[in-house]
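Bear in mind the structure is a predicted one, so any value in this text is a computation, not a measurement.
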Protein chains: 2
Amino acid sequence: MIQKLSEHDREKLQESLATTGQKVTPQREIVFAVLLAKRDHPTVEDVFQRARESMPGLSLATVYNCLETFVGCGLVRQVNHERESTRYCPNLAPHAHFRDEATGRVHDIELPPEILQNLRSILPPGFNSETIEISFHGRSQDHAPRPSSN
Amino acid sequence: MIQKLSEHDREKLQESLATTGQKVTPQREIVFAVLLAKRDHPTVEDVFQRARESMPGLSLATVYNCLETFVGCGLVRQVNHERESTRYCPNLAPHAHFRDEATGRVHDIELPPEILQNLRSILPPGFNSETIEISFHGRSQDHAPRPSSN
DNA sequence: TTGCACTTTGGAATCATTCCAACTCATTCG
DNA sequence: CGAATGAGTTGGAATGATTCCAAAGTGCAA
Ligand SMILES: [Mn+2]
Ligand SMILES: [Mn+2]
Ligand SMILES: [Zn+2]
Ligand SMILES: [Zn+2]
C-alpha cells in the first residue's frame with residue numbers, strides 16, 4: 001500500500017502542475033506517490049497495479065494520462081529501452097540508465113556534469129541538443145532491491 | 001532503383017551471415033543494398049518501399065526477417081528514438097545519434113574513443129556493459145538536402 | 001531422388017499506446 | 001439558486017508496429 005505524499009512532495013506536485021495550468025487530483029497524487037515510493041522505473045502497467053491497491057477504481061487510461069501530464073510538466077522522465085514498454089523515473093538529476101538484461105531491472109547511473117559537457121562537445125556546429133539520453137545495456141552483479149530513499 | 005552490391009559488400013554480407021550459419025539470398029542482398037545506398041536510418045517501412053522497386057514481390061515480413069538477421073550477425077545496428085518505429089543503420093563505427101525534431105531526420109555523430117571510455121568509467125563496479133546507446137534530441141540548422149549538391 | 005535446413009510469404013495475432021464519447025465534479029455566470 | 005463551462009476520469013474501441021504462424025519454395029547433401 002502506497003504511503004501518502006509528504007507535504008513537500010505534494011507541493012512539488014502542485015507547483016509543477018500549475019506551470020502548465022493543471023490541477024492536483026486524487027489520481028495524480030497516487031500515481032505520483034507510486035513513482036516516489038519505489039524508484040525502480042516501473043512501466044505503466046506496474047504503476048497501474050501498484051496504484052490500484054490504494055484506489056481500486058483507477059483506470060489504466062488515467063494512469064497513461066497522469067504520466068503523460070507529469071512528463072509534460074517536467075516532474076518525471078520517460079525511459080525507453082529498445083522496444084520495451086516505456087518506464088518512468090522521478091529522478092530529476094541528470095543520470096544515465098543501465099538495463100540489466102539478466103533481470104530486466106533498470107538502474108540509475110550518476111552522470112557527472114563534466115561527462116555531460118564532454119558529450120555535448122562532440123556535436124558538430126549547428127546541432128543544438130535539448131536532451132541527451134544515455135543507456136547502458138549489459139549485466140550487473142548483486143543488485144537485490146535496495147531500501148529506497150524517502 | 002538500388003544499385004547492386006559491390007563485390008566487397010557482397011563478401012561482407014556473405015561472411016557475416018556465415019558466422020551465424022545463414023545464407024545469402026536475393027532478398028537479403030537487396031535489403032542490404034538498400035541500407036548501404038542511403039544511410040539515412042530508414043524504418044522498416046522505408047526499406048520495404050525502396051527494396052520493392054527492385055523486387056516487387058518482396059514481402060514486409062521478409063524485410064523484418066532480413067533486418068533482424070542482419071542485427072543478429074552484427075551487420076547493422078538498430079536505432080530507437082523514444083517510441084518511434086525502429087530505424088536501421090549500417091555504420092558499424094561507434095557513433096551516437098542526433099534526432100532532429102524539426103525534420104525527423106537522424107544524423108550520425110562521431111564518437112571519439114576517449115569519450116566512450118569516459119562513459120564506461122562512470123559505471124560503478126559490478127556493472128558490465130555490452131553496449132552503450134547515446135542519443136541526442138534537438139534541432140539542427142542547415143541539414144536540408146541542398147538543391148544543388150546531388 | 002529424397003530429406004533436411006533454411007527462407008520467404010500473406011495473413012492473423014499481439015500488445016503497448018492512443019483515441020473517443022459519456023460521465024463526474026467543481027467553478028463561474030446570469 | 002440552476003445552467004453553462006471546463007478539466008479530469010473512465011471503459012472500450014481503434015491504431016499501428018511488430019511478432020507469430022503455417023504453408024510453400026529452394027538448394028544442397030545423403
Ligand atoms: Mn544484449
Ligand atoms: Mn523535444
Ligand atoms: Zn532513472
Ligand atoms: Zn547511425
Review point. Pairs in or reaching into residues 112-126 of chain A: which pass salt bridge (charged side-chain N to carboxylate O under 4.0 Å, His left out), with residues at least two apart or in two chains?
Key: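 Those involving residues 112-126 of chain A do not exist here.
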Can you check the [X] [atom1] to [N] [atom2] distance for me, whole Å?
X     : N      : atom1 : atom2 : answer
B/L67 : C/dT8  : CG    : C1'   : 14 Å
A/F48 : D/dT9  : CZ    : P     : 14 Å
A/Q78 : C/dT18 : CD    : C1'   : 13 Å
B/E29 : C/dT8  : CD    : C1'   : 15 Å

Revision key, fill the gap. Smallest heavy-atom separation, B/V76 atom then B/L67 atom, equals CG2-O, 4.5 Å
Check your understanding: Can you tell me if A/R28 uses its side chain to pair, donor with acceptor, with the backbone of A/K23 under 3.5 Å?
Key -> yes
Check your understanding: Donor-acceptor pair, A/D46 side chain versus A/T43 backbone, under 3.5 Å?
Key ->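 Answer holds: yes.
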Listing time: all N or O pairs from protein to nucleotides 22-26 of chain C that are below 3.5 Å?
none

Exercise for review: Indicate whether OP1 or OP2 belonging to D/dT9 is found under 4.0 Å from a side-chain N or O atom of A/T25.
Suggested key: yes
Practice item. Using only side-chain N and O atoms of B/Q22, determine if any of them is under 4.0 Å from OP1 or OP2 of C/dT7. Key: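 True: B/Q22 side-chain N/O within range (under 4.0 Å) of C/dT7 OP1/OP2.
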Practice item. Could you label the plane-to-plane angle of the A/F98 and A/H107 rings as parallel, tilted or perpendicular, counting under 30° as parallel and over 60° as perpendicular? Key: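 Taking A/H107 first and then A/F98, their aromatic rings sit tilted (interplane angle of 30° to 60°).
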Exercise for review: Starting at CE of B/M55, measure out to CZ of B/F48 and round the result to the nearest 0.5 Å.
Suggested key: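 Reported to 0.5 Å precision, the distance equals 12.0 Å.
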Check your understanding: If you measure from CD on A/E84 to CZ on B/R83, what distance do you get to the nearest 0.5 Å?
Key -> 9.0 Å
Revision key, fill the gap. In 5'-to-3' order, the base (B), backbone-only (S) or no-contact (-) status of each nucleotide in nucleotides 10-30 of chain D, using a 4.0 angstrom heavy-atom cut-off, is BB-----SBB-----------
Check your understanding: Any chance the side chains of B/R77 and B/H95 put a donor and an acceptor closer than 3.5 Å?
Key ->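 On atom types as modelled, these side chains qualify, holding a pair under 3.5 Å.
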